[in-house]
Student: 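Sharing a structure here in structure tokens format.
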Amino acid sequence: LKINLHHVSISFSQEEEDLPPIKVMVFFCLFLVLDNLEQTTVSNFGPLESQPDFRTPEFEEFNGKHDSLFFNDGQRRIDFVLVYEDESRKETNKKGSNEKQRRKRQAYESNLICGGLQLEATRSVLDDKLIFVKVHAPWEVLCTYAEIMHIKLPLKPNDLKTRSSAFGNFSWFTKVLQVDESIIKPEQEFFTAPFEKNRMNDFYIHDRDTFFNPATRSRIVYFILSRIQYQVRDNVKKFGINKLVSSGIYKAAFPLHDCNFSQRSEDPSCPSERYLLYREWAHPRSIYKKQPLDLIRKYYGEKIGIYFAWLGYYTQMLFLAAIVGVACFLYGYVNQNNCTWSKEVCHPDIGGKIIMCPQCDKICPFWKLNSTCESSKKLCIFDSFGTLVFAVFMGVWVTLFLEFWKRRQAELEYEWDTVELQQEEQPRPEYEAQCTHVVINEITQEEEHVPFTTWGKCIRVTLCASAVLFWILLIIASVIGIIVYRLSVLVVFSTKLSQTFNGTDPIQKYLTPQTATSITASVISFIIIMILNTIYEKVAIMITNFELPRTQTDYENSLTMKMFLFQFVNYYSSCFYIAFFKGKFVGYPGDPTYWLGKYRNEECEPGGCLLELTTQLTIIMGGKAIWNNIQEVLLPWIKNLIGRYHTASRTEKKSPRWEQDYHLQLMGKLGLFYEYLEMIIQFGFVTLFVASFPLAPLLALVNNILEIRVDAWKMTTQYRRMVPEKAQDIGAWQPIMQGIAILAVVTNAMIIAFTSDMIPRLVYYWSFSVPPYGNHTQYTMEGYINSTLSYFNVSDFKSRSRGSSASDFDIRTCRYRDFRNPPGHPQEYKHNIYYWHVITAKLAFIIVMEHVIYSVKFFISYAIPDVSKRTKSKIKREKYLTQKLLHENHLKDMTKTMGVIAERMGPVVTDNNLRPKSE
């Protein structure tokens, strides 16, 4: 027997011979009652002109209790608040539009009351145009929808969940970092099971008012609010609070914070959890303490709790990476004065006498190699043996982080009771509203409603994929624009910052044409990234809405993949260009390569492009952190400050809790999505290009320590309370991180091989510094710079490429960075033997490094199980005890029922020769 009410399907099924006739009658009567209620409710969804009188909420004046979380009677708890502007007092001339909005709102509120919710309306204390509708869910409604939503609720106290610290021997140290248990008391643990009304006696119900905690009550009420209809026009159903808010009929809908963040509630029965979270989590003085994850989960729900658990664990793991990265940086910094090839660049008799060929056509001058002295010293810090060690270490670190996080996530699933979280989610209201096509289910062979046919779905997927591809191509076009800017501006800087052979200006040591071009291009690239990012966020949401995913998880996963794919190209494309393309296809001075037949490809400095890649990463990571903090902290704070100033100027009255929360900022359903996205982009910078910037983990660590407290501060002080949601894990972000971890091995190996100068130096040291190729008697780095610079005859310049100052000085040859034969050689300007040795060594290095790191990664993944043996045992033990408890309770009920039946049947049978009737 199936009962449909407000898009909710309740099914009862039992074997025919086991179904007593009395139960059939009960279910049939229940069906008639609910069907009658549905017809009564649906009749209110018709055309506005024909709708009957509505059931309206009770209007009450504010009773002066500004911290109260209850209706005026002090008994019914406020589970949700709806806010609208009184249509009769709106400052607009569109009276017809106001009347339509009023009728829709009244139909919606009437249907909420018909659905069992209780409403109380109160006019605003600060603005008499605003009306606050407080929503309360009675016990029966909570029980009904808890069963529909498969909410797991307590059966009996659980004494199995004893948490042990991995640092038990250092309890004196970890105690300082822990949250004071006298302030935030540990939550009592329970055996739980999905709620069933017909087994209510099995559940741990000591007090009906506290059995459903505020977060669960808000979830249930929001579930109802999202599915109540308010109009049917032309067979199109319109329903849900989200549509009413987006259309302006309601101005806001939110659950309440339990108190002010800066002080405890005046109500002694209120736990003041918001105040505790602010004091022990969001306040700057608690920056060194661990996060109270259980209280975060209780107050905001598992979805937000798992985000902060992941962010905290990621930050802890960054400590090790930051320590090793700083050690590698200090190694390079201490040894920079011992860098032989940098000394040769700066030496007046070596680098000072090497004349380099112009790096652009006609107007670029010849220049001395020692003009890049300062940049070569900086390069020694980052391009050292420590870079190789750190790249290998990070390849292992990222695997350890992902594997240990899986174990930690499994522990949280057990502790937060989401191990068997129902995966059959309810469809999104937006999806249900479009279900107009009828198809036959292949499994059940029953009719079901879908929003579009198979052909329609193919068309939608094609259009969405085309839109995503278009925007990715737009990003690539912007990257090409930046490259053209680099090529054009290099000419200008080469002219303005022209190097003279006798130049003594100190700024010339630091601000070379290449450096100036790199810095300005990085800044412009960052600005373009931010602009495209803002635009594409809206486009990605529109595309995903058009795609119409069935459940909220499907919606978030689809949006996640679109946004990350876009952000990946947006943020990392310029870094990939510098690391793997710049300076790799430039030709040689006599035959340079041109972009689009016009722009000459830019070259790397004699030390390579590694320093420029480091500059790019620093600017993007630092700029992104500053920009995000401005968006996340400064803007909400300024908006709330302005709002408080306006309300304070109107009246000195103290406003109630619901009005205080209304004037806070709205986080939005995708607020947490953007927090994840920000951290995953940072995770990519820390892993993909870490070989060029060993300080990246340290910057990420500092940013994340602040990010945790900033996110906590804005959630507890600047934003309305979000609707709590269940979550078992971090969703699609886990496979994205695994993909980044695999790609990071390749990118770091290629950065060391092709972007840094490490492989050519090693080849020179072991092969070309000694006979038969070298003249030194022992392995050395002396003469390295001279061996990496090829000769070019100035007379071989084409007229298009000839330097502007060639005729002013007696210059017969110049040098350029490549491994080619000199003029006059039988194969002049062709690649020499050194080049082929270097290429072979680079390819061999990539293959060896990748295979070694991948082997270690796969071994670690195999050796570390995703769920620890102890956690598995606890899960199985708790499941066994829960089933045993339910079975025992069921047997007790059956025994009790049979005893009652036996007592009733006992007096009937008085003669042992008579047997009762078969029925």
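In this chain, numbering begins with 1 at the start of the sequence shown.
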Student: Just by distance, no angles: are the side chains of Asp127 and Ser124 close enough, under 3.5 Å, to form a donor-acceptor pair?
Tutor: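 Distance-only check fails for Asp127 and Ser124.
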Student: Could you check Glu140 against Lys197 for salt bridge (charged side-chain N to carboxylate O under 4.0 Å, His left out), going step by step and ending with a plain yes or no?
Tutor: CA-CA 9 Å; Glu140 287 299 324; Lys197 288 181 68 176; 3.4 Å; yes
Student: Please determine whether salt bridge (charged side-chain N to carboxylate O under 4.0 Å, His left out) holds for the pair Lys134 and Glu659, giving the CA-CA distance in whole Å, both sets of side-chain angles, and the decisive distance to 0.1 Å.
Tutor: CA-CA 11 Å; Lys134 294 161 282 183; Glu659 195 153 358; over 6 Å; no
Student: Just checking Asn201: does its CG atom have more than 12 heavy atoms from other residues, nucleotides or ligands closer to it than 6.0 angstrom?
Tutor: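 Incorrect, the count does not exceed 12.
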Student: Would you check if there is a donor-acceptor pair between the side chains of Trp139 and Asp209 at a distance under 3.5 Å?
Tutor: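 Trp139 and Asp209 do not have a side-chain donor-acceptor pair below 3.5 Å.
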Student: Are Arg721 and Tyr719 in a cation-pi contact, defined as NZ or CZ under 6.0 Å from the six-membered ring centre and within 45° of the axis?
Tutor: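 Ring-cation test returns no.
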Student: Could you walk me through whether Tyr314 and Trp310 satisfy the ring pair (Phe, Tyr, Trp, His ring centres under 6.0 Å) test, starting with their C-alpha distance in whole Å, then the side-chain angles of each, then the deciding distance to 0.1 Å, before giving a yes or no?
Tutor: CA-CA 6 Å; Tyr314 171 44; Trp310 171 80; 5.6 Å; yes
Student: Rounded at 0.5 Å granularity, tell me how far NZ in Lys714 sits from CE in Met667.
Tutor: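 Going from the NZ atom of Lys714 to the CE atom of Met667 covers 5.0 Å.
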Student: Between Ile78 and Val81, is any pair of side-chain heavy atoms under 4.5 Å apart?
Tutor: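 A side-chain contact under 4.5 Å exists here.
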Student: Can you find a side-chain donor-acceptor pair between Gln665 and Arg720 that sits under 3.5 Å?
Tutor: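 Their side chains do not contain a donor-acceptor pair, so the 3.5 Å distance test is not met.
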Student: Is it the case that the side chains of Gln718 and Trp713 hold a donor-acceptor pair, with the cut-off being a distance below 3.5 Å and no angle test?
Tutor: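 No, because no side-chain N or O of Trp713 sits under 3.5 Å from a partner of the opposite role on Gln718.
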Student: Verify whether one side chain among Asp711 and Tyr307 offers a donor that lies under 3.5 Å from an acceptor in the other.
Tutor: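 Per modelled atom types, Asp711 and Tyr307 side chains form a pair under 3.5 Å.
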Student: How far does CD of Glu147 sit from CG of Asn198, to the nearest 0.5 angstrom?
Tutor: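 Result: 6.5 Å between the selected atoms.
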Student: Whether Arg105 engages the ring of Tyr230 as a cation-pi pair (distance to the six-membered ring centre under 6.0 angstrom, angle to the ring normal within 45°) should be assessed.
Tutor: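 Geometry flag: not set, cation outside 6.0 Å or 45°.
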